[in-house]
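In what follows, a structure is listed as structure tokens, so that the remarks can point back to it.
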Amino acid sequence: MNITATLNADITPAGSDYETVRRVIEMITEDYRDQPSLDDLAARLRQPPTQLQKTFTRWAGLSPKAFLQAITLDHAKRLLRHEDMPLLETSFEIGLSGPGRLHDLFVTHEAMSPGEWKARGAGLTIRYGFHVSPFGQALVMATDRGLAGLAFADDGDEQACLDDMTCRWPNATYVRDDEATAPYAARIFDPERWHPEEPLRIVLIGSDFQIRVWEALLRIPLGQAVTYSDIAGQLGQPTASRAVGAAVGRNPISFVVPCHRALGKSGALTGYHWGLTRKRAMLGWEAGKA
DNA sequence: GGGAGTGGTCGTA
DNA sequence: TACGACCACTCCC
């Protein structure tokens with residue numbers, strides 16, 4: 001059975017649907033103060049309102065109007081409010097030593113040794129493939145130890161996206177193998193397939209500091225967010241928020257390591273390596289699943 | 001809103 | 001090694 005085809009049919013709109021959704025998100029983002037109506041949005045996209053509503057809701061799990069509310073600053077601030085649940089601290093106690101089961105995708109992770117990191121991927125074979133995802137073309141990269149990379153590209157930008165990822169581990173051997181990476185894509189973007197009994201294996205390749213930051217991100221549950229300074233504080237270096245931002249920005253397994261759940265202290269989305277629109281898309285999509 | 005301070009990383013010498 | 005530039009930040013005026 002063709003997993004990609006199943007994925008398309010099940011949860012992922014065709015590529016052009018992401019384009020539609022992306023444009024809706026952009027319009028909502030630019031004009032959210034005017035609270036654009038469904039009719040306004042549909043008119044600008046030259047689509048019937050009912051069809052747009054259907055496409056968008058199928059993709060996000062919530063209507064354009066609900067989505068509009070989900071990506072406003074107020075909502076972001078609510079995600080950040082954790083006085084009744086000191087997120088990172090409690091997660092820390094539950095167990096750093098064991099596999100990172102706290103992640104909603106049920107991830108077990110291992111880190112590359114410092115030696116392997118210094119070798120910049122030498123001796124490592126990385127299989128990669130492009131797959132349709134709710135957030136555009138997804139570049140999936142895997143070693144035999146598990147998922148090592150996940151990146152996103154708009155149509156036509158696949159090569160730039162691949163270059164961006166391969167230059168991180170320039171000495172690795174890269175093999176295009178869509179068949180090997182398709183099961184990862186199928187699973188990652190379908191919450192129905194997130195099961196604790198079959199954790200997703202991921203491999204973190206990065207510096208010591210980066211890995212500590214990425215592990216902190218893995219402890220943020222679906223529908224929650226933390227600030228860069230929260231993470232810095234949790235690492236015992238409360239003034240290192242800017243360094244945390246830089247490390248978050250180097251996250252090689254976008255979405256799975258939920259870097260989109262890191263926000264500025266004001267609740268503003270600040271930046272995202274694969275585009276702010278995509279960060280909004282992820283938060284909105286999660287708002288529909290949480 | 002903008003300037004200063006921040007800590008990790010990377011390129012260069 | 002050492003230094004400077006670069007950052008998905010934050011604080012303070």
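Lettering of chains follows the sequences in order, A, B, ..., and the numbering in each one begins at 1.
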Tell me: CG of A:Asp230 to P of C:dT10, nearest whole Å? 9 Å

What is the distance from CH2 of A:Trp117 to C1' of B:dC10, rounded to the nearest Å? 10 Å

Stem ranges for DNA chain C, with three or more consecutive Watson-Crick or G-U pairs under 3.5 Å? B:1-5 with C:9-13, B:7-13 with C:1-7

Please confirm whether the shortest side-chain N or O distance from A:Lys265 to OP1 or OP2 of C:dC11 is below 4.0 Å. yes

Does a donor on one side chain sit under 3.5 Å from an acceptor on the other, for A:His273 and A:Asn251? no

CE of A:Met282 versus P of C:dA8: gap in Å, rounded? 16 Å

Length of the line joining A:His273:NE2 and C:dA8:P, which is rounded to integer Å: 9 Å

On DNA chain B, nearest-nucleotide positions of A:Arg250 versus A:Ala246: which is more 5'? A:Ala246

Can you check whether A:Arg250's main-chain N or O pairs, donor with acceptor, with A:Arg168's side chain at less than 3.5 Å? yes

Assess the residue pair A:Arg23 and A:Glu26 against the criterion (salt bridge (charged side-chain N to carboxylate O under 4.0 Å, His left out)); give the C-alpha distance rounded to whole Å, side-chain angles, the decisive distance to 0.1 Å, and a yes or no. CA-CA 5 Å; A:Arg23 292 193 54 200; A:Glu26 260 175 20; 5.7 Å; no

Decide, yes or no, whether a salt bridge links A:Asp39 with A:Arg44 under the criterion of side-chain N to carboxylate O below 4.0 Å. no

From the set B:dG8, C:dC9, B:dT9, return the single nucleotide nearest to any side-chain atom of A:Ala243. B:dG8

Protein-nucleotide distance (A:Gln210, atom CD; C:dA8, atom P), rounded to Å: 13 Å

What is the distance from CZ of A:Arg212 to C1' of B:dG7, rounded to the nearest Å? 12 Å

A:Arg261 bridged to A:Glu286 by N-O distance under 4.0 Å: yes

What I want to check is whether the side chains of A:Tyr272 and A:Ser254 have a donor and an acceptor closer together than 3.5 Å. yes

Rounded to whole Å, the CG-C1' distance (A:Leu217 to C:dA8) equals 11 Å

Classify A:Phe209 by what it touches in the nucleic acid, base, sugar-phosphate, or nothing, heavy-atom distance under 4.0 Å. sugar-phosphate

Would you kindly check whether a donor in the side chain of A:Arg242 faces an acceptor in the base of B:dG5, or vice versa, at under 3.5 angstrom? yes

To the nearest angstrom, the CG-C1' distance between A:Leu235 and B:dG7 comes to 12 Å

Is A:Ala240 touching bases, backbone alone, or none of the nucleic acid, heavy atoms closer than 4.0 Å? sugar-phosphate

Just checking, is any N or O donor in the side chain of A:Ser113 or A:Glu116 under 3.5 Å from an acceptor N or O on the other one? yes

Within less than 4.0 Å of OP1 or OP2 of C:dT10, is there a side-chain N or O belonging to A:Ser229? yes

Proximity to the side chain of A:Cys259 - top-ranked nucleotide from C:dA8, C:dC9, B:dG7: C:dA8

Compare side-chain N and O positions of A:Gln237 against OP1 and OP2 of B:dG8 and report whether any pair is under 4.0 Å apart. yes

